[in-house]
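Proteins come first, then strands; the chains are lettered A, B, ... in the order of their sequence lines, and each starts at number 1. Note that the structure is a prediction, hence the values are computed from the model and not measured. Below, all heavy atoms of this structure are taken into account, side chains as well, without hydrogens, waters or symmetry copies.
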Amino acid sequence: MIGIVNLCKRFGEQTVLDHVNLEIRPGEIFFILGGSGSGKSVLLKHMLGLLRPDSGRVLINDQDITAMPEEQLLRVRAGAGYLFQDGALYDFMNVFDNVAFPLREHTRLPGAQIRERVREVLVSLDLKGVENKMPAELSGGMKKRVGLGRAIILGAKILFCDEPTSGLVPIRSRDISDLIRQVARRLNCTTVVTSHDMRNAFRIADRLALLQDGRIAALGTRPEWEHSANPAVQAFLQ
Amino acid sequence: MGKLPDRIIAIFAEIGQAVYFLGEVLACVTRGRIRWTQVLRQIYEQGAQSLVIVALTALASGMVLALQGYVALARFGAKEYVSSLVALSLTRELGPVFTALIFSGKAGGRIAAELGTMSVNDQILGTRAMGVDPVEFLIVPRLLACCAVVPLLTVIAELVGISGGYLIGVTQAHIPAGFYISQTIKSVTYVDFFSGLIKVVFFGLIIGWTCCYQGYRTSGGSLGVGRYTTQAVAYSYIFVILANAGLTKLILSVWG
């Protein structure tokens, strides 16, 4: 379970997160929706301790990660996966080495098993035959899939996806959303996705939250959103 | 333009962050968190990239020193001291400083640009997100390689520069080859050689620290990469020159 308690963050004069409270249940696919610059990515980064809040707490399985030193946080992060908007692949490594990186860092698996595991993941993400390509040779959608492969290669128990469909044509957005759902169900991992892509969010989310002006303006399942009288939800849906 | 006190505070904050950054690197090194394969790869890349330009500059410097020295010393009937002039100038001062400055521009700029691009493309943040310390993975190997490569390149530069001086001394000044070599060996003492070498270890540290720090903290997309890379090279130049003045004074007062 991920718990966010009274989380506040300011950058200079701008308040980005203003007493945010959330509870994300184990195994659910949770979407954080909001317009550009609403603080979705900032909130997501706090959930993995990549940013420190000004006040408030982030709890992962009842452990307060905001109080942890960086060294301890590194161990927490190793158990989670994070898909960045553009994949954030190492551009000096090919696809194989990028996906194998977490295995090499956090396990003592022999080379043959690493090769086998990477191939399995790449095949499951429909990326067969791209092992030797460099990230610069990949399309935007492929980069995101490779990034997803790298995020899940250790069998993440929590998966964070930052705007996974941004910059993709609708068909590719649908593909990557379906892949995230498949992966989340297969690994039975808690999945948190930030997006402004409402259509795909409605297709795969168990619950959705709307972040507006640094606060959670709405929270609920798809049917609850569709029947909501909340003006913020209505405005966002339109 | 901010107010003057704000700017002064910002400068001190910047210095504090840079020192903290170096502290993180040193903490990794002292705990033995060194990826030797990466260090060797960086040594190869940084060394190979700078070798030709360092050697060419050293060759030209040695030749020019010998030419100028020959003309000047001949006026006093002391042209046979050209070899000493070339060897001492190169080992004590010119070899270390030229090598460090060239290395700053070539390899230092590359380090800052590489890390800067990684920073703006979220690769450094991605490293942390995967539970890996980016300082250990990306910075320590580059900084250690700088400390190793600059002295290596300096020794090569000194040898090539002395060879350049030899060519001019023998062919233009008509100094006998054997005499030139024996004079060179006689005039350069251990103190001359190692005083230069000690300086370049510090220069390597300064260049690595400055360029890694500037690259690591880059923000602002491709414009930011350009800005921070330029800053990295400019600051390295300034710090190397300032450190050279300080270290030269210190070494001379200790060793004479």
Side-chain angles (χ1 to χ4, degrees), chain A residues 11 41-42 44-52 65 68-93 98-107 135-136 143-144 146-154 156-163, chain B residues 2 6 9-10 13 17 20-21 23-25 27-28 30-38 41-42 44-46 49 110-142 145 215-216 218-222 225:
Chain A
F11 290 111
S41 297
V42 172
L44 201 69
K45 287 184 175 107
H46 277 89
M47 289 189 200
L48 201 51
L50 295 171
L51 285 175
R52 299 273 185 186
I65 66 162
M68 287 181 185
E70 181 70 13
E71 218 157 292
Q72 202 179 342
L73 271 174
L74 289 175
R75 287 195 288 276
V76 172
R77 291 185 198 127
Y82 198 110
L83 171 60
F84 283 84
Q85 237 178 78
D86 295 316
L89 303 174
Y90 291 125
D91 44 22
F92 55 90
M93 288 184 189
N98 263 291
V99 178
F101 182 77
L103 285 175
R104 289 179 175 146
E105 288 295 320
H106 298 297
T107 72
K143 277 183 193 167
K144 286 185 202 266
V146 174
L148 182 60
R150 190 174 69 172
I152 61 164
I153 190 108
L154 288 171
K157 286 286 132 204
I158 304 173
L159 177 62
F160 297 100
C161 303
D162 190 5
E163 297 275 6
Chain B
D6 291 347
I9 290 167
Q17 281 170 10
Y20 181 79
F21 176 78
E24 280 190 288
V25 176
C28 273
T30 51
R31 287 181 201 163
R33 284 161 50 189
I34 301 168
R35 296 166 183 243
W36 289 108
T37 319
Q38 297 285 338
R41 182 179 298 170
Q42 286 297 325
Y44 171 74
E45 284 180 8
Q46 293 175 17
Q49 190 188 28
R110 176 187 161 147
I111 289 170
E114 259 177 15
L115 291 172
T117 308
M118 292 180 74
S119 181
V120 299
N121 290 337
D122 282 337
Q123 291 171 45
I124 292 179
L125 195 63
T127 308
R128 288 175 66 210
M130 285 187 282
V132 175
D133 181 2
V135 171
E136 179 191 329
F137 177 55
L138 299 167
I139 306 300
V140 171
R142 284 171 170 79
Y216 193 72
T218 296
S219 59
S222 55
V225 174

Residue-level contacts of residues 68-76 of chain A with chain B, using a heavy-atom cutoff under 4.5 Å: A:Glu70, A:Glu71, A:Leu74
A:Leu50 portion near chain B, given a 4.5 angstrom heavy-atom threshold: both
Checking heavy atoms, do the side chain of A:Leu154, its backbone, both or neither come under 4.5 Å from chain B? neither
For residues B:Gln123 and A:Leu89, determine if any side-chain heavy atom of one lies less than 4.5 Å from a side-chain heavy atom of the other. no
Pick from A:Arg77, A:Glu105, A:Lys45: which one has the most heavy-atom pairs with chain B under 4.5 Å? A:Arg77
Flag yes if more than 12 heavy atoms outside B:Arg41 fall under 6.0 Å of its CZ atom; otherwise flag no. no
Hey, is CZ on A:Phe11 packed in by over 12 heavy atoms from elsewhere, all under 6.0 Å? yes
Hydrogens and angles aside, do B:Asp122 and A:Gln85 bring a side-chain donor and acceptor to less than 3.5 Å of each other? no
Which heavy atom in A:Tyr90 sits nearest to a heavy atom in B:Met130, and how many Å separate them? OH-CE, 3.6 Å
List the atom of B:Gly126, the atom of A:Phe84, and the distance in Å for their closest heavy-atom pair. CA-CE1, 3.4 Å
Under 3.5 Å donor-acceptor, A:His106 side chain and B:Val132 backbone: no
Check whether B:Thr117 gets within reach of chain A through its side chain, its backbone, both or neither, counting any heavy atom under 4.5 Å. side chain
With rounding to the nearest 0.5 Å, note down the distance linking CZ in A:Phe92 to CE in B:Met118. 4.0 Å
